[in-house]
Amino acid sequence: MSDLNWRLAARSLRRDLRAADVRALFVALVLAVAASTMIAFFLDRIERGLERQAGQMLGGDLVLEQREPFSEELRTTLEQAGFVLSDQVDLVSMISHGEQFQPASLKAVDDVYPHYGVSHVDRGNGVEQIASGPPPGEAWPDPRLAQLIELELGDRVQVGQTELTVSGIIEREADQSGGFGNFNPRLMLNTADLEATGLVQPGSRIGFELLAAGPPAALEQVQALLAELRRDGVEVRDVRVDRPQLGNALQRAESYLGLAGLAAVLLAGVAVAMSTRRYVERHLDTAALLRCFGASQYQLVTIFSLQLMGLALMAAVIGALLGLVGQAVLLWLLTSFLPMTLPPPGIMPLWLGVFTALAVLVGFAGPTLLRIKRVSALKVLRRELDPLPPSAWLVVGVASLVFGGLLWLYSGSFSLALALLIGGSALLGLLWLVSGLLLNGLLKLVQRLSGGSEWGQAFRLGGRQLARRKEAGLGQLLAFAVTFFAMAMIVMVRGDLLTTWQDQLPENTPNYFAINIQPSERDAFEDAVALRIEAQSTLYPMVRGRISAINGQPPREAVPPDARGDNSLRRELNLTWQSELPEGNQVVAGQWFVQASEPQGWMSEVVATPQAASEVVPISMEDGLADRLGLGLGDELTFSVGGNTITTRIESLRSLNWDSFNPNFFVIFPPGVLETFGHSFITAFHLPEDEQGLIRQLVSDFPGVSLLNVDAILGQVREVLTQVTRAVELVLILVLMAGVSVLYAALTASRPVRAHESGLLRVFGAGNRMISRVQGAEYALLGFASGLMGAVLAEVATAALYLYWLELTPRLHLGLWLILPLGGALMIGVIGHALSYSLRRQAPAASLGLLGET
Amino acid sequence: MSYSSDQSAHLSVNDARPSTDTSTVSKVPHKQAHQPVLHAEKLSKQVKSGERALTILHDLYLSVAAGESVAILGKSGAGKSTLLGLLAGLDTPSDGELTLFGQPLSRMDEDGRASLRAGRVGFVFQNFQLLPTLSALENVLLPLELSPRAGETQTAAQWLERVGLGERMEHLPKQLSGGEQQRVAIARAFVTDPELVFADEPTGNLDPDTGAQIIDLLFTLNREAGTTLILVTHDHALARRCDRCLRLADGQLMPFEPSAAANGGGDE
């Protein structure tokens, strides 16, 4: 017998694919699966791609750094775990070319370098992308170094006790992390030449780095070892932890994509619910007949469930394929930002797609489908014996539960899902009430339409038709309102997201950093740039200092074991002093320095006296660093600055925007403490395209000042934003399509009833034009009311969303209140009118007969 | 399945109310002539119509022997369809006893009644009731697949050939004329070799000529298969071809002799 169920289901499914409601159901399911798989595939690959990119910026999946060479034992352990190792040595040394001397930051790389990515090197044939370092005997200076000591290709440069041939100018290193910790120009050489330079001596400040590339499993395997190394003071950088700051843009885009995917699933769910209703109605006769021939209730449910499952599986496969194509398109849009070798799509998103299809089907179609079970065999003799439709509460309740589950699955947050679900249900109940009132009011208003104009008449008749089927009309109104709401929200959030991104990097975002401006040069430098640039950040004084104690203990003992290798403990920090909170900084805990009564500004720098050693200085720390070091308000830090020690206490924690392209500081002192120590100034400014000549002038007038051009990095960030925007737009289209599928499903569902009505109108003598107008008017009224409700929903929901998910400031969308109702009236009016064109062309007998047929 | 006890009950009632039971004097001898296929006693059906209860059938008695053909006539609204629904186990009586194939239908649940019908009862409806999405062949296959003989496609095809539609097996109902649709329905009713066929106004939606052809086909197949036939109709000409005619009036069945003059359309 079960064989029969399969056969029957398969056969009727094949035939059913011609029916409009089944097609609507199918399209809706395909869209739901396509949207969810596309986004899941995409996010999954992006996630792994970002890890890869982080690896590229770090130089490997795992980077170890210490002051002495790494042991053979460690190397063997790592290699056994599956890592490929590469050695790198960093040191600062004076180099010379002829009579010119310059301190340079040397980076010696081996033949494995680089693990990921390519360097941009000019070897005489323009800039090439090269996936290696210089061969033994050769060296690559960066353009700054080449300019400073007038190096050209083929020149010999003195490094320690040996001479190397300049064979290329390196414009960008494969593993450039973009920090400003190192202000000396770069010279890259091969590790094979290191010994000949004689620079590697006991006691010299040398950083030995071990760069390891390997699969996540390898990384997983050595976690215990890494923890041990960290405790030993080795700096350990792990791709999964030390993500580069790609900015909030991508994170927000991910949130947005997830949200849009859910909106598409919700819309598709609404479409599924509506088409299932029609599907079940159409199959009640079949069910009754099967009953008559001896089928049990269980068999009926099995047959129709199997049929719908088959439909869902087909939809899942097609949807998943579309999702695969879709994510490929998304990635293609993002290619120049993502590393070229993205991991292939995983299998998980596919299961997610199939699961989504089934869940949507069960949730949105289940209760309605069960109605088939209750059909009486007597219906074959008495057509009017239809089982009651399931209660709206049951349908909405089950759908909400399933959708809530999907929310939970996608967002990974139970509380968020629950909150959205409860809020959504409350909103839906309220919506039902308000919609009923709205529809009533609107219909009353329409009946008062005076005048015998054809349109007036059409609206009165259309309104009456709507009033006659108030329950069904209300259901459609709700479905359309939810549709408009979801569509509007996705459009609005997109707009605001883009605006926010643009605001984040305005036209005059600094593209140059000037470092090492001496106090004596300060005024002159400011005068030189002020006239020719568009925007400049404050000139921040900068003092180098090292954390020498935390709460009276050696720093490494005071911080959590994992933080022992932290950069901030191993290197000098850039300290500054400010009386005002720098732009873009926000105090998240404690209080900013209380304004002193003494004169501020340059005076304070001149008259300041060193703090008495016993006095504790208040400082402000970046919250991320405090978090890493396990520090909080009230903790005492001792800094060693130029041989002196200063005891400080954390009085405020700041969050700051690392994407801002302005100088940012981990630790800020109040004025009057650091002024007497040797300091220089740093600033950032935006140099317009047509003022590039200024750079040459600055270089010659202020030879000691380092100018860093960050146009390339800035361009890269801008590129990310543009591409993410395009990805967002692609998803937007998908959501809009899901919205259209709801319209299609709703109109298909109400087709027979409308056909009957227009048949009746025609029998009573209404012309084609009249019927067409009545239908148009009915749809327009429905569209108007739905649009209005959609606007209410969208405004409330976006406000909530901005506050709690995307972390943007909510704002009122006035256009919404105009566009949605009018656009809704126009859209539903026109689409509905067009879709019922074929109905109007039917002879009245046929359209009246439609109700009697199945 | 036991027929013995039912038979004794049947005989005693038969003695008391011989007028509506002619199973023992069936015109067409049948090998199971002494065992009623269907037996109804004191059958009542009330429905609620608004505030008041409406009695449609009251203390109705009927016994149909195997191989017999019985016509039930009655005015519109007399309760013919209600009775048919009860007899076929599509509906439950308000009171009384009803046995089908010796099984107490009135005491079985919906699923039990359905499984009793499967493969043993055939139906022919006024409005054909073909599934619009299935081909002629698939429509005929449908009851077969619900019976233990699932998968006998050949049988279904043979039946379609017998009703003269061998060339049109793959056609959908809407591609067939009314008469052709009813032929499909008849093939569907007989395909499982049922013991009992219910026909509800089988010619009601057909023109007289087509109707006559359908009737010929129905009775021919019925005779060949030795099936029991219960037929509800307005049509006296049709009724006359049955072994026995009963009229439903005031909720009761009475023996009836259809007039020779009337040929469809009129009541009684």
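Note on naming: letters A, B, ... go to the chains in the order of the sequence lines (proteins, then strands), and numbering restarts at 1 for each one. Quick caveat: nothing in here was measured; it's all calculated off a predicted structure.
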From [X] [atom1] over to [Y] [atom2], what is the distance, rounded to the nearest 0.5 angstrom?
X       : Y       : atom1 : atom2 : value
F123(B) : L289(A) : CZ    : CG    : 9.0 Å
R291(A) : R117(B) : CZ    : CZ    : 7.0 Å
D111(B) : Y298(A) : CG    : OH    : 11.5 Å
T286(A) : L130(B) : OG1   : CG    : 11.0 Å
C292(A) : F125(B) : SG    : CZ    : 4.0 Å

Using heavy-atom distances under 4.5 Å, tell me whether [X] contacts chain A through its side chain, its backbone, both, or neither.
X       : answer
R113(B) : neither
E110(B) : both
T192(B) : neither

Practice problem: Could you check which of A114(B), G85(B), A118(B) has the highest count of heavy-atom pairs closer than 4.5 Å to chain A? | Solution: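 Most heavy-atom pairs within the cutoff with chain A belong to A114(B).
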Exercise. May I ask you to check whether over 12 heavy atoms, not counting those of H58(B), lie within 6.0 Å of atom NE2?
Key: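 For H58(B), atom NE2 is not crowded (no more than 12 foreign heavy atoms under 6.0 Å).
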Quiz item: Can you tell me if CG on D207(B) sees more than 12 non-hydrogen neighbours from other groups inside 6.0 Å?
Solution: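 For D207(B), atom CG is crowded (more than 12 foreign heavy atoms under 6.0 Å).
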Practice problem: Would you please test L131(B) and H283(A) for side-chain contact (heavy atoms from CB on, under 4.5 Å) and show each step? | Solution: CA-CA 9 Å; L131(B) 293 185; H283(A) 285 81; over 6 Å; no
